[in-house]
Student: 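I'd like to ask you about the structure that follows.
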Amino acid sequence: MSGSLTNFSSVLALVVIPSTVIWTYLAGGVVLAIGLVAIFLRGDWQKARGFDKLILFGPLFYAAPIAAFGTEHFTISQDIASMVPAWIPWHLFWAYFVGTCFIAAGLSLVTRIQALLSASLLALTFFLFVVLMDVPAWVQSPQDRFATALMLRELSFSGGALALAASLTGQWRERGTHILATIAPCCFIASNNSGTAITFPAFRWKW
């Protein structure tokens, strides 16, 4: 009886939940599963000690949402294309292209195939989002706190990818990499805290 009820609930969920949501979660789940398998096949889990095991999940938890976001470029492509600035041609093409790149980047990060290149390009992509879309939107409506929060959120995504790229170099003791790895998390934390304070004034930090 319980098995039948479970099957019915699963079928009902597939019917009720929009297909756009299903594809998004499916893409993120697949990338996460591939990453978990890769961690054990590469022997990373066996080699890591103590809290270092938790660090192994960092790239996975970044890659899965990136792949899910990339899937939305196909399921709600018209909405994504509408965000492209008017002066840039081929809006729909860029929606599909960026979506494909996000999915490929997610797979790259979890499989460690050209992961450093993918993380670096993700940082550049989100920074371009800030410069080309978020900043102009904020300039038009500086009183819109959500536009400000969106700008800071994209900046935090860029900082997160930058920190991930720094961690993948394996050269923490070199000065350039050390500075990069220090600045990127600060950018990530500051942007998140500022975005939260702007979007939810009740949680504003007192500096």
Side-chain angles (χ1 to χ4, degrees), residues 18-21 23-28 31 58-59 61-109 114-166 168 180-181 183-201 203-205:
S19 59
T20 55
V21 177
W23 282 111
T24 299
Y25 276 87
L26 179 63
V31 169
F61 293 153
Y62 189 92
I66 289 294
F69 183 42
T71 305
E72 290 185 338
H73 285 65
F74 295 91
T75 56
I76 54 173
S77 54
Q78 293 294 338
D79 294 332
I80 299 295
S82 65
M83 301 178 187
V84 179
W87 56 271
I88 298 180
W90 313 319
H91 291 188
L92 198 58
F93 163 78
W94 288 113
Y96 290 141
F97 177 75
V98 173
T100 302
C101 291
F102 278 170
I103 296 173
L107 291 171
S108 172
L109 293 176
Q114 298 295 329
L116 176 58
L117 177 61
S118 296
S120 301
L121 290 177
L122 280 172
L124 177 61
T125 299
F126 282 114
F127 182 75
L128 289 176
F129 285 175
V130 173
V131 174
L132 298 177
M133 295 187 295
D134 298 330
V135 170
W138 176 81
V139 170
Q140 291 180 357
S141 303
Q143 73 283 357
D144 187 352
R145 65 185 185 186
F146 292 103
T148 306
L150 180 61
M151 177 178 62
L152 293 172
R153 188 195 70 173
E154 302 294 346
L155 187 60
S156 72
F157 289 164
S158 179
L162 197 62
L164 181 56
L168 292 172
L180 182 67
I183 294 176
C186 292
C187 173
F188 179 83
I189 294 171
S191 298
N192 268 328
N193 287 342
S194 300
T196 302
I198 291 169
T199 308
F200 305 102
F203 298 95
R204 192 181 305 274
W205 287 83

Student: Return all side-chain donor-acceptor pairs below 3.5 angstrom for residues 135-143, not counting sequence neighbours, or 'none' if the list is empty.
Tutor:
residue, atom, partner, partner atom, Å
Trp138, NE1, Thr148, OG1, 2.9

Student: Show every side-chain hydrogen bond (donor to acceptor under 3.5 Å, both in side chains) that has at least one partner inside residues 120-137, sequence neighbours left out.
Tutor: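 Found none.
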Student: Which residues pass the side-chain contact (heavy atoms from CB on, under 4.5 Å) test with Ala161, not counting sequence neighbours?
Tutor: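 Ala161 satisfies side-chain contact (heavy atoms from CB on, under 4.5 Å) with Tyr62, Leu122, Ala123 only.
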Student: At their closest point, which heavy atom of Gly106 faces which heavy atom of Ile66, and how far apart are they?
Tutor: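 Smallest interatomic distance, heavy atoms only, reads N-CG2, 4.5 Å.
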Student: For the CG atom of Asp144 and the CG atom of Leu150, what is their distance to the nearest 0.5 Å?
Tutor: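 Rounded to the nearest 0.5 Å, the CG-CG separation comes out at 9.5 Å.
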Student: With a cut-off of 6.0 Å (strictly less than), are more than 12 heavy atoms of other residues, nucleotides or ligands near CZ of Phe93?
Tutor: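 Enclosed: over 12 neighbouring heavy atoms sit under 6.0 Å from CZ of Phe93.
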Student: For Phe74, enumerate each residue passing the ring-ring contact (aromatic ring centres under 6.0 Å, His included) test, keeping only those at least two apart in sequence or located in another chain.
Tutor: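 With neighbours one apart ignored, the set is Tyr96.
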Student: Minimum heavy-atom separation for Ala115 and Leu109, please, with both atom names.
Tutor: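 Closest heavy-atom pair between Ala115 and Leu109: O-CD2, 3.6 Å.
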Student: What is the distance from atom CG of Leu162 to atom CZ of Phe157, rounded to the nearest 0.5 Å?
Tutor: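 Nearest 0.5 Å value for the CG-CZ distance: 15.0 Å.
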Student: Kindly give the heavy-atom pair with the smallest separation between Met133 and Met83, and that separation in Å.
Tutor: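 Minimum heavy-atom contact is SD-O, 3.1 Å.
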Student: Who pairs with Ser118 by side chain to side chain donor-acceptor pair (under 3.5 Å), at least two apart in sequence or on another chain?
Tutor: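 Listed in chain order: Ser108.
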Student: Just wondering, do Leu92 and Gln78 contact through their side chains at under 4.5 Å, heavy atoms?
Tutor: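 Heavy-atom side-chain distance check passes, below 4.5 Å.
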Student: Could you tell me whether a side-chain N or O of Ser158 sits under 3.5 Å from a main-chain N or O of Glu154, the two making a donor and an acceptor?
Tutor: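 Checking the backbone N and O of Glu154 against the side chain of Ser158, no donor-acceptor pair under 3.5 Å is found.
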Student: Is the Phe97 ring parallel, tilted or perpendicular to the Trp94 ring (thresholds 30°, 60°)?
Tutor: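 Answer is perpendicular, since the angle exceeds 60°.
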Student: Between Ile80 and Glu72, which heavy-atom pair has the shortest distance, and what is it?
Tutor: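 Looks like CG1-O, 3.9 Å.
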Student: What residues, two or more places apart in sequence or in another chain, satisfy ring-ring contact (aromatic ring centres under 6.0 Å, His included) together with Phe129?
Tutor: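 Phe129 satisfies ring-ring contact (aromatic ring centres under 6.0 Å, His included) with Phe126 only.
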